[in-house]
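Just below is one structure, and these are the notes that go with it.
Indexing begins at 1, ligand by ligand and atom by atom, following the structure's order. The model shown is predicted, which means the values in this text are computed figures rather than measured ones.
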Amino acid sequence: MTKATSSLLARMLARKPLAAVHAEAAEAALKPTLGRLQLLMIGIGCIIGAGIFVRTGNAAAVHAGPAVVLSFLIASAVCALTGFCYAELTSTLPASGSAFTYAHVALGHFAAWIVGSLLILEYGLAAAVVAVGWSGYVVSLLGGYGLVFPPQWAAPSGHLVAVAGGAMVPAVINAPAMAVAATLSALLVLGVRESATVNTAIVLLKVGVIVLFIAIGGVAILANPSAYLANWHPFLPANTGTYGAFGWSGVLRAASVVVFAYLGFEAVATAGLEAKNPGRDMPFGVLGGLIVSTMLYALVAVVLTLLAPYASLNVPDPLAVAVDRLGAHWAWFALLIKTGAVFGLTSVVLVLIYAQTRIFYAMARDGFLPRVFARVHPRLGTPWINTILVGLMTTLAAGTFDFNVMGDLTSVGTLTAFAVVAFAVIRLRRVAPDLPRGYRVPFYPLVPLGSIAASLALMLSVGPTVLTFFAGYLAVVVLIYIVRARFAVSI
Ligand code: ALA
């Protein structure tokens with residue numbers, strides 16, 4: 001091995017010392033104010049969003065039919081395996097950089113770089129996806145009041161949309177999605193953050209709307225079961241001959257779509273430094289958020305696919321479309337759902353953009369990104385340049401890219417990050433066996449190994465186009481690492 005290669009390898013495998021993590025935690029001097037319920041609320045605030053309010057419709061209509069219920073259970077099982085791994089790491093490492101810091105401590109410099117670039121898909125790109133979901137519900141809400149938003153200004157550039165009179169024209173941009181992403185980024189530059197109280201209010205609103213959907217839909221179905229059960233025949237539509245178009249491959253494909261709906265359970269990990277009792281409460285926040293969302297999602301999927309024929313659900317506002325089936329006297333409830341979705345999705349976009357800026361901040365602090373990403377505005381106290389750049393990227397993506405492609409890319413990136421986090425649990429047990437752990441994954445090493453296998457299997461069911469794009473993205477990320485390390489390009 002040449003000297004250059006061995007020094008590159010040494011750099012790639014260099015792990016961040018635990019002492020440095022503890023020193024940063026002490027320096028951050030954040031007040032430990034968050035109890036277990038607040039942590040749970042942070043988790044649910046980030047979890048319930050475009051996944052359940054929007055992507056469920058496409059997953060049922062195009063991939064799984066009513067069997068999307070099973071897809072939700074599969075996706076939640078994959079997230080639960082990973083949730084145990086996050087719970088162990090969050091209760092062990094007092095860090096706010098989440099998976100990026102775990103990878104740096106347990107696996108080394110190169111793994112941290114890869115995870116950092118995966119988190120761009122998990123947070124930055126996801127923010128764009130949710131902004132597009134927000135746009136769909138806003139346009140639909142305005143429509144409910146008789147205001148027609150021009151369709152060519154509410155779809156990704158170049159997509160053909162039907163305008164008044166029925167003609168198909170290419171869309172210009174998704175203006176509402178851009179507006180929400182840009183406005184929330186500007187608020188974050190100014191230092192406006194959602195307070196715990198506002199977060200709790202929005203969580204109660206969106207969970208309330210979802211519980212009402214389950215209750216009102218459930219009562220209607222129980223009152224007249226035969227009328228609705230027809231929508232479950234067949235429950236698992238036969239595969240059309242294409243992988244992922246119904247049948248069991250469709251159920252798996254839909255699971256890779258709806259896994260998006262669970263993302264955010266691990267966002268609790270970014271509040272690691274502010275938890276009063278991280279060892280006990282972080283696992284509660286991470287796993288509790290998953291349990292609550294799994295129950296709500298499975299019931300929503302059951303009610304949704306019973307109320308409306310699955311083929312009718314490939315729309316921007318599937319829950320409201322299903323409520324329309326109950327009759328005109330429920331129109332107020334469809335409006336309430338849209339309102340809940342608009343508020344709920346706004347807070348998810350805000351949290352995702354915020355998380356992305358903090359991950360870039362941690363990466364810049366550790367020398368992975370230009371220092372400018374860690375520069376804090378003297379008066380506003382926010383990483384303003386970082387936030388403006390994240391805001392620009394998110395706004396551009398939200399205005400121009402396809403919702404489902406971006407959503408799938410988010411799922412693939414996140415599932416890969418999940419596999420790395422599970423591997424980090426195994427590695428940290430080896431390299432730091434005596435580290436005090438507030439929580440340990442059950443059935444070690446089966447749970448982390450299962451998480452790795454399940455995340456990768458689900459990731460592979462996303463389909464060749466997105467996987468090829470993802471492989472290209474990773475190749476560029478690896479190339480940048482090697483060029484910077486090999487030629488000592490300092491940034
Ligand atoms: N789970 C979040 C959502 O569905 C990202 O919007």
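For the pair A126 and ligand 1, no heavy-atom separation below 4.0 Å is found. Look at G133 and you'll find every heavy atom at least 4.0 Å from all atoms of ligand 1.
A centroid separation of 6.0 Å or more is found between the aromatic rings of F84 and F443. The ring of Y310 has its center closer than 6.0 angstrom to the ring center of F246. In this structure, the ring of Y123 has its center no less than 6.0 angstrom from the ring center of Y354. Aromatic ring centroids of F469 and F401 lie 6.0 Å or more apart.
Heavy-atom contacts of V130 reach the following atoms of ligand 1: 6 (O) (cutoff under 4.0 Å). Close approach of ligand 1 to G49 is summarised as follows: ligand atoms under 4.0 Å from at least one heavy atom of the residue are 3 (C), 4 (O), 6 (O).
Residue-to-ligand polar distances place I47 within reach of ligand 1: an N/O pair is separated by less than 3.5 Å. Among the atoms of F260, some N or O lies under 3.5 angstrom from an N or O of ligand 1. On a distance-only criterion, L352 and ligand 1 share no N/O pair closer than 3.5 Å. Between G51 and ligand 1, a contact under 3.5 Å exists for at least one N or O pair. Checked by distance only, ligand 1 and L263 come closer than 3.5 Å through their nitrogen or oxygen atoms.
Judged purely by distance below 3.5 Å, without hydrogens or angles, the side chains of S451 and T82 pair a donor atom with an acceptor atom. Inspection of the T357 and N386 side chains reveals no N or O donor paired with an N or O acceptor under 3.5 Å.
Among all protein heavy atoms, the one lying closest to atom 6 (O) of ligand 1 is A50 N, 2.7 Å.
Aromatic ring pairs are classed by plane angle as parallel below 30°, tilted from 30° to 60° and perpendicular above 60°; the pair F373 and F360 is perpendicular.
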